[in-house]
Amino acid sequence: MAFTAESVLQGLTAPQRQAAETIDGPLLVLAGAGSGKTRTITRRVAYMIANGIPAWNILAITFTNKAAKEMKERIDHLLQGAGRMGRGVIVATFHSLGARIVREYADVVGLPKTFTIFDSADQARLVKQALKDLSLSPDNFQPAAVLHAISGAKNKLQSPAAFTQAAGGFFEKNVGRVYTRYEALLRENKAVDFDDLLLKTALILRDNADARAALQERHQYILIDEYQDTNHAQFVIAHMLAMNHKNICATGDPDQSIYGWRGANLNNILEFEQFFPNAKVVLLEQNYRSTKVILQAASALIARNTKRKKKDLWTENEAGPRIVILQTNDEHQEAAEIVRRLKEHHDKQGLAWDKMAIFYRVNSLSRVLEDALMKAAVPYQIARGTEFYGRKEVKDVLAYLRVIANPDDSVSFGRIMNVPPRGLGDTSVTRLEAFAGERGISMLAACGLADQIEGLLPRASVACKKLAELFGQWRAAAMPAAPTVLEDGSLAPSQRDAVAPANDDPLYDPAFDQVLADSEEYVPDMPDEMAPPTVADAAPPVPAATAAPVLEGGIRGLMERIVRESGLDAAAKKDEDADHERSANIAELITVAAEFDTQNPGGTLQSYLEQVTLISDVDKLQDSGGAVTLMTLHAAKGLEFPFVAVVGMEDGLIPHARAIGFATSPDELEEERRLAFVGITRAMKHLILSYARYRMIRGQTERTIASQFFQEMPDECFEEIDLTAQEEGLGSVGYRDEASYARRAQQTRAAAVPERTADTATGAEYRAGMLVRHPQFGMGRIADVTPAGAMTRVVVQFQGGAGRKTLILQYARLERVDT
DNA sequence: GCAGCCTTGTTTTTT
DNA sequence: ACAAGGCTGC
């Protein structure tokens with residue numbers, strides 16, 4: 001078949017075709033679950049190329065690396081079949097795109113090109129350090145909460161100054177101080193965090209006309225998938241890129257927005273037409289994935305939401321079997337029964353293992369399932385790609401690499417300074433830190449000058465010098481072309497504090513402005529991954545990549561050398577009996593690095609580190625692994641399986657306790673409903689929704705009640721299997737007990753309160769109206785109590801700046817104030 | 001300086 | 001239940 005504009009549209013339905021044909025101007029594709037969205041957009045890209053649009057001018061943004069890789073493959077496949085190459089199409093995630101743009105325009109934001117990307121663990125470390133520097137207690141300012149606030153600010157493009165200015169209460173004011181210090185620490189380490197990849201990209205595009213123009217020309221046709229899950233920073237990036245050529249296609253489904261907690265703004269998609277006037281809107285409502293029964297239940301559920309664009313999903317598929325609602329005594333019985341049913345389908349119907357999946361709300365539920373699968377000898381894979389990179393020994397090796405790539409990364413250096421033990425204990429580290437702080441140099445640099453440090457033991461001094469020397473050698477081998485950032489005076493921290501002219505823009509950040517001023521002589525170069533391929537009939541629009549440092553022996557060779565020369569392998573071997581997995585994990589890391597070398601010949605150390613840092617849980621999943629797939633509901637987005645089981649369909653899990661509370665926003669409950677909707681609509685034919693009457697949560701067995709979402713789906717979709725022994729007393733709180741649902745829920749919750757003495761709060765002794773004292777927020781009055789055993793929540797109206805807060809009683813350390 | 005024990009806390013979900 | 005961080009004893 002000839003490769004023509006017409007041929008690539010073959011087989012599309014009318015609305016799909018309409019979407020694929022609209023390549024100029026803004027386009028919104030509202031694609032219902034299972035409506036053939038991926039098919040449509042890959043064809044759309046092929047259609048563009050068939051119409052003569054250079055592949056490298058097309059940018060497709062996906063949600064995960066895995067989705068990016070798959071889309072690339074599908075496009076390649078479409079174009080190769082027609083004798084053309086589509087390799088030049090850039091497919092990236094917002095974060096990987098951000099990493100490349102920030103790398104390319106690093107000097108515009110005052111960073112060396114070798115900057116490090118900090119992961120969540122590094123971020124937590126930095127926040128703790130910032131709290132310490134400001135003498136704020138981590139008890140009153142939980143690092144996770146502070147980090148969340150900082151992340152929220154960054155997603156809204158708020159600089160520390162702007163955030164502090166807008167801060168209302170006591171807590172926020174202090175978060176503002178922490179944010180300021182946190183940013184300074186990032187800069188000292190020449191590092192960025194995940195949010196910075198978006199924020200800095202947005203700022204580069206917004207504030208640097210040259211960069212904006214260049215990037216607009218490079219990315220003339222933009223396609224953004226999962227648009228419902230974009231946050232403000234991503235929105236700004238999209239707008240800045242598209243504002244000139246206006247060829248932007250957003251695809252998504254408001255009903256599948258499940259990342260509100262991460263700053264995703266549903267309005268980005270709901271109000272697309274206001275942001276992009278004259279936008280064409282295409283609705284894909286026909287579902288090709290699921291049976292009528294599954295679709296009916298899902299549609300009924302999602303219809304309860306108010307924040308949505310109404311869509312009527314329909315299908316020509318068969319009615320299919322009813323959805324199984326499985327009730328069991330506990331999570332062990334639940335897991336065993338689900339595995340039994342999977343096995344039955346495998347053995348009797350010949351359904352392959354990789355056609356089945358089990359979803360859960362929280363990762364902690366996976367353990368019991370794993371046990372049951374293992375016991376039944378059922379092969380399974382679990383979407384936890386990041387877990388491997390979270391292991392201590394793996395992080396240690398990567399920390400060495402990060403210091404080699406960026407010697408200013410003192411967070412990584414601090415991590416491995418004494419790993420394996422080389423006689424540098426707390427005292428020596430403190431001395432070194434003080435010395436480095438005084439001189440404004442990195443920890444590694446301080447190590448090199450160890451003999452100048454007063455009070456440092458000779459033994460420690462020798463160890464320091466030796467370590468610094470090792471890093472010198474490694475750097476020379478790995479970064480031949482790289483200038484030593486240590487000697488690069490233009491990036492001195494003092495630059496940050498320079499006084500900038502007044503500006504009343506609330507988003508204005510003086511530090512950013514300062515670095516902009518230095519960006520005149522910037523000459524863009526193309527990161528190699530983004531460089532367009534050489535195509536015979538058209539020249540790439542930008543010069544080829546500048547020579548990257550060639551790494552002898554690849555990442556693998558470097559890694560092997562480090563592991564050997566640092567003494568890591570000796571240390572791992574030494575206590576092999578205690579922890580035999582350690583050497584194995586390091587070996588595995590080296591194997592994966594070797595794969596990277598093969599796939600990315602000439603790949604730089606930065607590109608390797610970038611890839612492992614930006615990896616996501618689903619990225620490692622294999623399509624044809626011949627294994628049952630286990631993952632969270634969040635990770636399941638975008639996937640489909642003939643057989644799906646969703647476990648833990650209980651109030652408190654789905655919807656999660658965080659979202660049920662009386663005082664929490666209805667928006668959160670809607671997001672939980674969307675999450676359930678996503679889970680259900682992953683199923684093509686068979687679906688099990690299960691709940692257990694008792695479930696062990698954090699070591700405590702808790703009585704549960706069925707998810708309230710069961711009430712929202714029609715009974716005729718269900719077949720109920722009840723494996724609980726009908727016992728005396730409470731009876732079973734099933735999904736059907738609508739009339740007495742609320743009353744029973746209360747009873748069950750009250751009965752579920754574990755045995756505790758009066759001094760541990762369970763809610764019984766707290767009532768609305770009572771005066772209480774909180775160690776952090778001070779005096780307040782209880783507005784509401786929601787009894788739920790260990791999860792009992794109280795809403796307290798605090799006096800002073802703290803305002804109204806919902807607290808988990810068990811953790812809140814509330815104190816009654818008797819009047 | 002370091003290993004092992006004990007206390008403490010634990011807001012899902014993730015790039 | 002489980003992990004991380006602090007403390008104690010060598």
Side-chain angles (χ1 to χ4, degrees), chain A residues 61-68 92-99 117-121 123-124 128 138-139 142-145 147-148 151 154-155 192-198 226 229-231 233-234 258-264 359-365 367-368 383-387 390 392 418-429 457 459-460 463 575 578 610 613-619 631-637 648 652-661 664 668 671-672 674-675 678-679 696-701 790-791 793 805-808 810-813:
Chain A
I61 299 176
T62 58
F63 197 70
T64 62
N65 296 301
K66 182 172 185 260
T93 65
F94 265 110
H95 284 86
S96 67
L97 175 77
I117 301 169
F118 275 179
D119 63 22
S120 321
Q123 291 182 52
K128 283 178 197 160
D139 293 337
Q142 290 175 15
L147 203 49
H148 188 254
S151 177
K154 288 192 171 190
N155 287 159
V192 302
D193 62 19
F194 284 137
D195 301 312
D196 279 340
L197 294 177
L198 307 178
E226 308 286 7
D229 284 318
T230 51
N231 63 32
Q234 292 166 329
I258 54 177
Y259 284 93
W261 52 274
R262 203 169 91 176
F359 305 149
Y360 35 80
R361 179 65 228 267
V362 295
N363 280 306
S364 59
L365 297 193
R367 215 195 162 95
V368 180
R384 261 192 321 217
T386 51
E387 198 187 43
K392 293 138 223 79
N418 201 30
V419 179
R422 43 176 75 91
L424 298 172
D426 289 346
T427 332
S428 306
V429 174
L457 292 171
R459 195 171 52 147
D575 42 31
E610 181 181 307
T613 309
L614 294 182
I615 207 159
S616 79
D617 278 337
V618 283
D619 290 345
M631 67 182 97
T632 63
L633 285 165
H634 282 90
K637 191 175 70 162
L653 278 172
I654 309 171
H656 196 269
R658 287 286 307 162
I660 303 177
T664 33
E668 285 181 55
E671 181 153 312
E672 293 294 312
R674 291 194 291 266
L675 195 52
V678 166
M696 179 103 87
I697 290 163
R698 284 212 274 265
Q700 294 268 331
T701 298
M791 292 305 293
R793 290 175 304 281
K805 298 222 179 278
T806 306
L807 306 163
I808 306 284
Q810 198 184 357
Y811 303 130
R813 287 163 303 152

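Residue numbers start from 1 in every chain, and the chains themselves are labelled A, B, ... in the order their sequence lines are given, proteins ahead of strands.
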By nearest-nucleotide position on DNA chain B, the 5'-leaning member of A:Leu675 and A:Leu424 is A:Leu424
Please report the distance, rounded to the nearest Å, between CZ in A:Arg698 and C1' in B:dT10. 5 Å
When you measure from the side-chain N and O atoms of A:Arg367 to the phosphate of C:dC2, is any distance below 4.0 Å, counting only OP1 and OP2? yes
Just to confirm, is there a sub-4.0 Å distance from OP1 or OP2 of B:dG1 to any side-chain nitrogen or oxygen of A:Asn418? no
Any donor and acceptor pair, going by atom type alone, linking the side chain of A:Gln700 with main-chain N or O of A:Ile697 inside 3.5 Å? no
Does the side chain of A:Asn231 get closer than 4.0 angstrom to OP1 or OP2 of B:dT15 through an N or O atom? no
For atom CG of A:Asp619 and atom C1' of B:dT14, their distance in whole Å: 11 Å
Are A:His634 and A:Trp261 close enough that their ring centers fall under 6.0 Å? yes
With centres under 5.5 Å and planes under 30°, do A:Trp261 and B:dT13 count as stacked? yes
Determine: side-chain N/O of A:Thr64 to OP1/OP2 of B:dT15, distance under 4.0 Å, yes or no. no
N/O (side chain, A:Ser616) to phosphate O (OP1/OP2, B:dT14) under 4.0 Å: no
Integer angstrom distance from the P of C:dA4 to that of B:dT13: 15 Å
OP1, OP2 of B:dT13 versus side-chain N and O of A:Lys637: anything below 4.0 Å? no
For A:His656 and B:dT12, say yes or no: do the ring centres fall under 5.5 Å of each other while the ring planes differ by less than 30°? yes
Taking only side-chain nitrogens and oxygens of A:Thr427, does any of them come within less than 4.0 Å of OP1 or OP2 of B:dG1? yes
With DNA chain B as reference, determine whether A:Arg361 or A:Asp426 sits nearer its 5' end, using the nearest nucleotide of each. A:Asp426
